[in-house]
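Report on the following structure.
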2 protein chains.
Amino acid sequence: MKHAERLKGTLDLLLLSVLTEGSAHGYALLIRLREHSAGTFDLPEGTVYPALHRLERQGLLASQWSVVDGRRRRSYDVTPAGRQALQMETAAWHDFSGGVLSVLGRRDR
Amino acid sequence: MKHAERLKGTLDLLLLSVLTEGSAHGYALLIRLREHSAGTFDLPEGTVYPALHRLERQGLLASQWSVVDGRRRRSYDVTPAGRQALQMETAAWHDFSGGVLSVLGRRDR
DNA sequence: CATTAGGCCTAGCAGTACTATGCGTCCACT
DNA sequence: AGTGGACGCATAGTACTGCTAGGCCTAATG
């Protein structure tokens, strides 16, 4: 992943955001992210699953097992706390991003 | 620092960018960053100095000691390699940032 | 039968920002 | 004279987090 280090602290936001489009399992999220970002975020599974577990442990997600076509699946949903966290994280991102731009912007002027 | 984890992978870009405005020492950079970002980036010294050492080790910065008002100072300059890295990092940031926005943007529509 | 895609998981590694602390100078105020 | 604060550099240790590499299983496709 090219944005390896940059992703830290933003992955949770991305996952929460993508998951509000509708409950899904880990592998599907990974695909959604890749498509919605036009390939910018092509995350390996070893990144996504631990992140989901972390978010569930924090109470931002809830999961439940199911079996589809003979395969075990774990579906995730965003909890109310998760939605709240998403709002705060989104605001924080805009703040951060704006900060970066205002620093970078000085060079172009 | 509120953006602790988010900063990872972006700090180098910020430092390089701020340093192209003119050579400066570590403490001054820390102040420049705080002012240029309107307080968004209020970095502790323990963050800035190791980062500068890292950048110098990578050949993106060059430093030289001086003494001003009886105080030792280490002034940094961006090397040609540093300027090149800055360009690439800036492009990568825009790519990354664009990716985040296109993922987040889906919720608003 | 072998491969690919779907689907889950974990241990260990690596990178990096922060905390805490230390050292030293200079200046302003009491 | 003494105290505090700003200036200025530095490092050890910690914590967090994403990635690599590997493993396990089923179903569909060549």
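Lettering follows sequence order; numbering is per chain, from 1. Everything quoted here is computed from the prediction, not taken from an experiment.
- Residues from residues 15-28 of chain B with heavy atoms under 4.0 angstrom of DNA chain D, sorted by number: B:His25, B:Gly26, B:Tyr27.
- Atom-to-atom, CG of B:Leu29 to P of D:dG8 comes out at 11 Å; the value is rounded to the nearest Å.
- Relative ring orientation between B:Phe41 and A:Phe96 is described as perpendicular, the plane-to-plane angle rising above 60° on a 0-90° scale split at 30° and 60°.
- Using a 4.0 Å cut-off between charged side-chain N and carboxylate O, A:Glu5 and A:Lys8 make a salt bridge.
- Checking the phosphate oxygens (OP1, OP2) of C:dC9, a side-chain nitrogen or oxygen of A:Arg74 falls inside 4.0 Å.
- Here the C1' atom of nucleotide C:dA17 and the NZ atom of A:Lys8 are 10 Å apart, to the nearest Å.
- Rounded to an integer number of Å, the gap from A:Glu5 CD to D:dA15 C1' is 14 Å.
- Put simply, CZ on B:Arg34 is 12 Å from C1' on D:dC7, counting in whole angstrom units.
- A donor-acceptor contact shorter than 3.5 Å links the side chain of B:Thr79 to the backbone of B:Gly59.
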Please step through side-chain contact (heavy atoms from CB on, under 4.5 Å) for the pair A:His94 and B:Leu101, ending with a clear verdict.
-> CA-CA 9 Å; A:His94 283 125; B:Leu101 287 181; 4.1 Å; yes
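- When the shell of 6.0 Å around CD of A:Glu21 is examined, it contains more than 12 heavy atoms from other residues, nucleotides or ligands.
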Do A:Leu30 and A:Arg34 pass the side-chain contact (heavy atoms from CB on, under 4.5 Å) test, and can you show the C-alpha distance, the side-chain angles, and the key distance before you say yes or no?
-> CA-CA 6 Å; A:Leu30 172 159; A:Arg34 192 191 322 155; 3.4 Å; yes
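- Applying the 6.0 Å contact sphere to CD of B:Gln58 captures more than 12 heavy atoms from other residues, nucleotides or ligands.
- Across the helix from C:dC1-D:dG30 to C:dT30-D:dA1, the helix axis at one end is tilted relative to the axis at the other end by 10° (nearest 10 degrees, each axis from five pairs).
- Between the P atom of D:dT17 and the CG atom of A:Leu13 lies a distance of 14 Å, rounded to the nearest Å.
- Closest-nucleotide positions on DNA chain D for A:Val48 and B:Tyr76 were compared, and the one nearer the 5' end corresponds to B:Tyr76.
- Looking only at side-chain heavy atoms (C-beta outward), A:Ser97 and B:Trp93 come within less than 4.5 Å of each other.
- With sequence neighbours excluded, the residues that form a side-chain contact (heavy atoms from CB on, under 4.5 Å) with A:Arg72 are A:Trp65.
- Here C:dC26 presents its C1' atom at 15 Å from CZ of B:Arg72, a figure rounded to the nearest Å.
- Taking every side-chain heavy atom of B:Thr47 into account, C:dC18 is the closest of D:dT17, C:dC18, D:dA10.
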Verdict with reasoning, B:Leu60 to B:Leu86, per side-chain contact (heavy atoms from CB on, under 4.5 Å) = CA-CA 9 Å; B:Leu60 307 183; B:Leu86 174 55; over 6 Å; no
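- With distances taken from any side-chain atom of B:Leu7 to the nucleotides D:dC9, D:dT11, C:dA17, the minimum falls on C:dA17.
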Spell out protein contact along nucleotides 24-30 of chain D as letters: B when the base is contacted, S when just the sugar-phosphate is, - when no protein heavy atom is under 4.0 Å; keep the 5' to 3' order.
-> --BS---
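- Distance check: A:Arg6 CZ to B:Glu89 CD gives 5.0 Å after rounding to the nearest 0.5 Å.
- With DNA chain C read from its 5' end, the first of the two nearest nucleotides for A:Pro50 and A:Val68 is the one closest to A:Val68.
- The distance between atom CD1 of A:Ile31 and atom C1' of C:dT4, rounded to the nearest whole Å, is 14 Å.
- Going from atom CZ of B:Arg6 over to atom P of C:dA17 covers 14 Å, rounded to whole Å.
- Not a single donor-acceptor pair under 3.5 Å links the side chain of A:Ser63 to the backbone N or O of A:Tyr76.
- Using a 3.5 Å distance cut-off with no hydrogens or angles, the side chains of B:Ser75 and B:Gln64 do not pair a donor with an acceptor.
- Of all the residues in residues 51-65 of chain B, B:His53, B:Trp65 reach under 4.0 Å from DNA chain D with at least one non-hydrogen atom.
- Residues meeting the salt bridge (charged side-chain N to carboxylate O under 4.0 Å, His left out) test with A:Arg73, sequence neighbours left out: none.
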